[in-house]
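I have placed the structure first, in the form of structure tokens, so that the comments after it can refer back to it.
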Amino acid sequence: MEKILEILKENARTPVEQIARRLGRDEEMVRQQIRKLEDDRIILGYRAVLDPEKSGDELVMAIIEVRLTPQRDTGFDAIAQRIHKFPEVKTCYLMSGDYDLHVMVEGRSLREVAAFVSERLATIEHVSGTATHFILKKYKEFGVTIHESERMTRLAVSP
Amino acid sequence: MSPSHRSSSTTRAHRLNETLVALPPSGIREFFELVIAMDDIISLGVGEPDFVTPWNVREYAMFTLERGDTSYTSNKGILALRREIAGYMAHRFGVTYDPENEVLVTVGASQGLDLSMRAILNPGDEAIVIEPSYVAYKPMVALAGGVPVVVTLRYENNFRLDLAELRAAVTPRTRAILLNYPSNPTGGTFTKEECRHIAALAEEYDLILISDEIYAEMTYDQEHYCMADQPGARDRTIVLNGFSKAFAMTGWRMGFAAGPADLIAGMTKIFQYSMLSAPIMSQNAAIEALRKRHQNVPHMVETFNQRRRLFVEGLRAIGIDCHMPEGAFYAYPCIRKFGLSSREFCTRLLKEERIAVVPGTAFGPAGEGFVRCAYAAGFQELEQALEGMKNLIGRL
Ligand SMILES: Cc1ncc(COP(=O)(O)O)c(C=O)c1O
């Protein structure tokens, strides 16, 4: 299981047949194990990692630091639920340190993201403050380098 | 005629050392010329990892350059590195060495091989080489004034060493046995028992063992048993190892030799005159590579292991016989049944399918009927290579 997950985390499109060969396992068994990982919601989904420039992606992303006032019974969870359900919110983490929620928001323009933050996020009860940081350029995402600058200098044949 | 006027091509040949002139050209080199003339090929001909050196190692090397580490070092290598190496040999392979006088940092395992041959061979001394073998062994023995004596491994025997044959190759002039396990090119290794038998034989005839264990970390289905860890072997064994393979550091040219103090002192003496010191930048990088080896090595080795299974099972699935390699990153399939020589097979595979593998004969005459495929390539490339091989044999 663990090895299958490692392979899929590296490349979710690895064909089952290849995974089976690489691990020296039966193909049907691997297929079943992956299905079980999905059914058990250990694997929650698969997505592509894009080069935003080449994909023509004009979307704007921002990281919002959100400060909260914790609630007596539910701590931060109830507020975090309210926040992360907005489809504009792509990522939402509870943080240690200076602020409480790390929220990544996507929108079609700076204005749209700013409006979402000021009108929807900042106005939620118990949100005590926000700081918005727009992302200017991505160098690496989910372990994938976006502009590969390394080259392979190996000769085609060596002893 | 004055000596300065002798420049015809016949006299030119005399300008080179006779032993050198007598060395046959490298089979790999010949094939290399063919391959570089083509582009857009998938190469399984490469004897080095397809990983660039892990970033922490590169970053640390840059830091040491910024710090100003640009000098010679002690002949034997930076003491901190020798300590790391001794620690590595102890923890990983169970053999303890004194970093002060039993470890020598070399410019690749290649230099360790050269130094050890020159340090122990007298003119005419014999050194046993086991074929198919890494390309450098016979030339290095010869260039050191020795005589290589070949013991041949056979496919029918799964490339296992026949101890009786090894024994039969020993003569009163035998000085050393060169070992390489896991092996380039067969991917075979030794069991603990085989190691013990070899050590016992060396003791019986008072031979030195030069044990090239550069692929030790890439041992897949068993443990790697260091030759020096065998009973009676430590004080007659020079272990050669290095950073090229498991640490993905070929271009840094970093290796080391570990052995008894007298042999290491002999090698150091040659080193002192011929090299002074290994490059300091590379030595610093090697320190970082060893200190953080747990971060990088297991992941790369696991990747090679998965490639090994994928590739060898793939070969079998298309009808090419191949024993399962136990280590390194080479598969050494048998292509006899297709009725082509190794060279013809490789040439056709290259020209018709644009896939480079190396003729088995580059590793000694015993390699006829075999090709060496380095599976140090991406999964996709391996699958494409298998597809191409399938296409070629479909036409044979
Ligand atoms: C068996 C063997 N020994 C030694 C070497 C040379 O290694 P290094 O880069 O440490 O000189 C190689 C490289 O291919 C090898 O396969």
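Lettering of chains follows the sequences in order, A, B, ..., and the numbering in each one begins at 1. Values reported hereafter were calculated over all heavy atoms of this structure, with side chains retained and with hydrogens, waters and symmetry mates removed.
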Taking atom [atom1] of [X] as the centre, report whether more than 12 heavy atoms of other residues, nucleotides or ligands fall under 6.0 Å from it.
| X | atom1 | value |
| --- | --- | --- |
| Glu10(A) | CD | no |
| Tyr139(A) | OH | no |
| Glu148(A) | CD | yes |
| Tyr93(A) | OH | no |
| Arg82(A) | CZ | no |
| Lys90(A) | NZ | yes |
| Asp26(A) | CG | yes |
| Gln380(B) | CD | no |

Side-chain (Arg22(A)) to main-chain (Asn305(B)) donor-acceptor, under 3.5 angstrom =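 A pair under 3.5 Å: no.
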Gap separating the [atom1] atom of [X] from the [atom2] atom of [Y], nearest 0.5 angstrom:
| X | Y | atom1 | atom2 | result |
| --- | --- | --- | --- | --- |
| Met152(A) | Asp50(B) | CE | CG | 5.0 Å |
| His299(B) | Glu6(A) | NE2 | CD | 8.0 Å |
| Thr153(A) | Glu48(B) | OG1 | CD | 7.0 Å |

For the student: nearest non-hydrogen atoms of [X] and [Y], plus distance:
| X | Y | answer |
| --- | --- | --- |
| Ser158(A) | Gly47(B) | OG-N, 2.9 Å |
| Arg309(B) | Arg21(A) | CB-O, 3.1 Å |
| Val135(B) | Pro159(A) | CG2-CB, 3.5 Å |
| Val157(A) | Phe32(B) | O-CD1, 3.5 Å |

Region of [X] in contact with chain A, defined by heavy-atom distances below 4.5 Å:
| X | value |
| --- | --- |
| Pro49(B) | backbone |
| Arg308(B) | neither |
| Tyr134(B) | side chain |
| Ile41(B) | side chain |

So which of Val46(B), Val52(B), Thr250(B) actually passes side-chain contact (heavy atoms from CB on, under 4.5 Å) with Arg154(A)?
->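 That would be Val46(B).
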Do you know which of Ala362(B), Gly314(B), Pro185(B), Ala317(B) has the most heavy-atom pairs under 4.5 Å to chain A?
->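 Answer, by heavy-atom pair count under 4.5 Å with chain A: Gly314(B).
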Under a 4.5 Å heavy-atom cut-off, does chain B meet the side chain of Ile19(A), its backbone, both or neither?
->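 Contact with chain B involves no heavy atom of Ile19(A) at all.
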Checking Glu150(A) against chain B: side chain, backbone, both or neither under 4.5 Å from a heavy atom?
->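 Contact with chain B: side chain only.
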